[in-house]
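Both backbone and side-chain heavy atoms feed into the values below; hydrogens, waters and symmetry mates do not. Numbers restart at 1 for each chain; the letters A, B, ... are given by sequence-line order, proteins then strands.
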2 protein chains.
Amino acid sequence: MLTIGKLGKSAHVKVPTIRYYEQIGLLPEAERSSGNQRLYGRGALDRLSFIRHARELGFPLDAIRDLLGLSDRPDQPCDAVDSIAKAQLLAVEGRIARLLTLKSELERMVAQCAGGRVEDCRVIEVLGNHAHCAAEHGRDLKQVSE
Amino acid sequence: MLTIGKLGKSAHVKVPTIRYYEQIGLLPEAERSSGNQRLYGRGALDRLSFIRHARELGFPLDAIRDLLGLSDRPDQPCDAVDSIAKAQLLAVEGRIARLLTLKSELERMVAQCAGGRVEDCRVIEVLGNHAHCAAEHGRDLKQVSE
DNA sequence: TCTTAAACCTCTAGTTACTAGAGACATTAT
DNA sequence: ATAATGTCTCTAGTAACTAGAGGTTTAAGA
């Protein structure tokens with residue numbers, strides 16, 4: 001049986017994060033020692049590693065919750081799993097495309113800032129110039145998870 | 001003079017977002033009509049467009065606050081502006097690299113899921129398999145803004 | 001066996017950048 | 001005059017954690 005600290009170390013997940021996952025129901029409530037400390041078996045390590053790896057791949061917790069649910073029913077066809085992964089792939093591709101545009105705009109900005117005064121700094125100018133945002137009109141600004 | 005709604009439309013920023021920017025001090029407190037509604041002039045539109053564009057380029061609000069501060073002092077050298085933009089560029093490049101790795105892993109996963117059972121689904125297996133995460137050990141899982 | 005340091009516990013609140021909703025007042029158009 | 005729309009303030013919610021306070025348990029060393 002592992003304590004929460006060892007579990008965290010094994011899975012490379014911080015202790016408060018594990019408690020948080022338990023709190024939101026991603027991990028089942030842990031057994032407790034006589035002194036009320038959490039104790040974990042092998043299953044918990046697998047599950048937590050799964051979560052961590054999926055998070056690294058950018059899956060949001062909701063998707064991970066679904067995946068975990070599916071992996072508990074191994075006799076089902078795996079279409080659902082597949083489509084979750086595909087959605088994630090699509091999201092990732094979108095983010096890459098956007099970041100590439102962004103990168104070139106930043107490069108242009110930096111290249112043109114030749115150590116002058118703020119007065120004629122291209123960075124400030126580019127950011128202030130509304131004409132530049134033609135292509136991305138409708139897009140909102142909400143943060144997207146990586 | 002523009003009402004908050006017109007301003008929002010012109011700058012492509014939602015009304016509550018404008019109020020939020022005022023609240024956190026990114027925009028100065030607006031003039032008010034006799035009936036206490038916010039009124040904005042040309043300057044506000046410029047400033048808000050600047051913010052929106054910078055947000056689109058992935059600058060966090062803190063960086064934008066700095067940039068705005070700098071653009072208010074146009075006689076300074078623009079090293080600071082430049083370094084904010086450079087830092088942003090670096091961050092963006094890092095995110096792109098990471099997302100590309102991620103993308104190929106997801107592609108591999110999806111390609112191998114050939115409509116079988118969850119039981120032998122590669123997606124689930126890859127996510128569960130700890131051996132895959134060799135390269136990215138120390139990395140934490142915190143969300144990163146786009 | 002005693003002590004003390006490290007690890008654990010719960011709980012609350014903070015983070016980022018907004019978004020949503022309630023209930024009330026203002027403005028504009030018919 | 002009235003109805004529709006727009007605006008006001010305020011609170012609370014989102015994702016996915018992180019940080020801190022204040023207290024208990026456990027493991028190791030003397």
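The nucleotide whose nearest atom lies closest to any side-chain atom of B/Q37 is, among C/dC18, D/dT26, C/dA26, C/dA26. Between C/dT19, D/dT7, C/dC9, one nucleotide has an atom nearer to the side chain of B/P16 than all others, and that is C/dT19. Listed nucleotides: D/dA16, D/dT7, C/dT27. Nearest to the side chain of A/P60: D/dA16.
One atom, CG of B/L61, and another, C1' of C/dT16, lie 8 Å apart when rounded to the nearest Å. Nucleotide C/dC18 holds its P atom 9 Å from the CG atom of B/L26, rounded to whole Å. Regarding A/I4, its CD1 atom lies at a distance of 14 Å from the P atom of D/dT26, rounded to whole Å. Atom pair B/I18:CD1 and C/dA20:P shows a separation of 15 Å (rounding to whole Å applied). Atom C1' of nucleotide C/dA7 and atom CE of A/M1 are separated by 18 Å, given to the nearest angstrom. Distance CG (A/L7) to P (C/dA7): 15 Å, rounded to an integer number of Å. Atom C1' of nucleotide C/dT10 and atom CZ of A/R19 are separated by 8 Å, given to the nearest angstrom. Summarising the geometry, the separation between CG on B/D62 and C1' on C/dG14 is reported as 14 Å, rounded to the nearest angstrom.
From A/Q23, atom CD reaches atom CD1 of A/I18 across 13.5 Å, with rounding to the nearest 0.5 Å. Atom CD of B/E107 sits about 6.0 Å away from atom CD of A/E93, to the nearest 0.5 Å. How far CZ of A/R19 is from CD1 of A/I4: 5.0 Å, rounded to the nearest 0.5 Å. Note that the CZ atom of A/R52 and the OH atom of A/Y21 stand 10.0 Å from one another [nearest 0.5 Å]. Expressed to the nearest 0.5 Å, how far CG of B/L26 lies from CG of B/L61 amounts to 5.5 Å.
Using a 4.0 Å heavy-atom distance criterion, A/R38 is classed as a sugar-phosphate-only contact. Looking at heavy-atom distances under 4.0 Å, B/I24 makes no contact with the nucleic acid at all.
For the OP1/OP2 pair of C/dC8 and a distance below 4.0 Å, the side-chain nitrogens and oxygens of A/R32 include no atom meeting the criterion. Side-chain N/O atoms of B/T3 include none lying less than 4.0 angstrom from OP1 or OP2 on C/dT28. A close approach under 4.0 Å does not occur between any side-chain nitrogen or oxygen of A/T17 and OP1 or OP2 of D/dA16. Taking 4.0 angstrom as the limit, B/S33 places a side-chain polar atom (N or O) nearer than this to OP1 or OP2 of C/dT27. Contact between the side-chain N/O atoms of B/K14 and the OP1/OP2 oxygens of C/dT19 is found at a separation under 4.0 Å. In this model, the phosphate group of D/dC17 is approached by a side-chain N or O of A/Y21 to a distance below 4.0 Å at OP1 or OP2.
In this structure, A/S10 and A/L45 approach most closely via the heavy-atom pair CB-CD1, 3.7 Å.
In terms of position on DNA chain C, the residue among A/L39 and A/Q23 whose nearest nucleotide sits closer to the 5' end is A/L39. The 5' end of DNA chain D is approached more closely, in terms of each residue's nearest nucleotide, by B/N36 than by the other of B/N36 and A/Y20.
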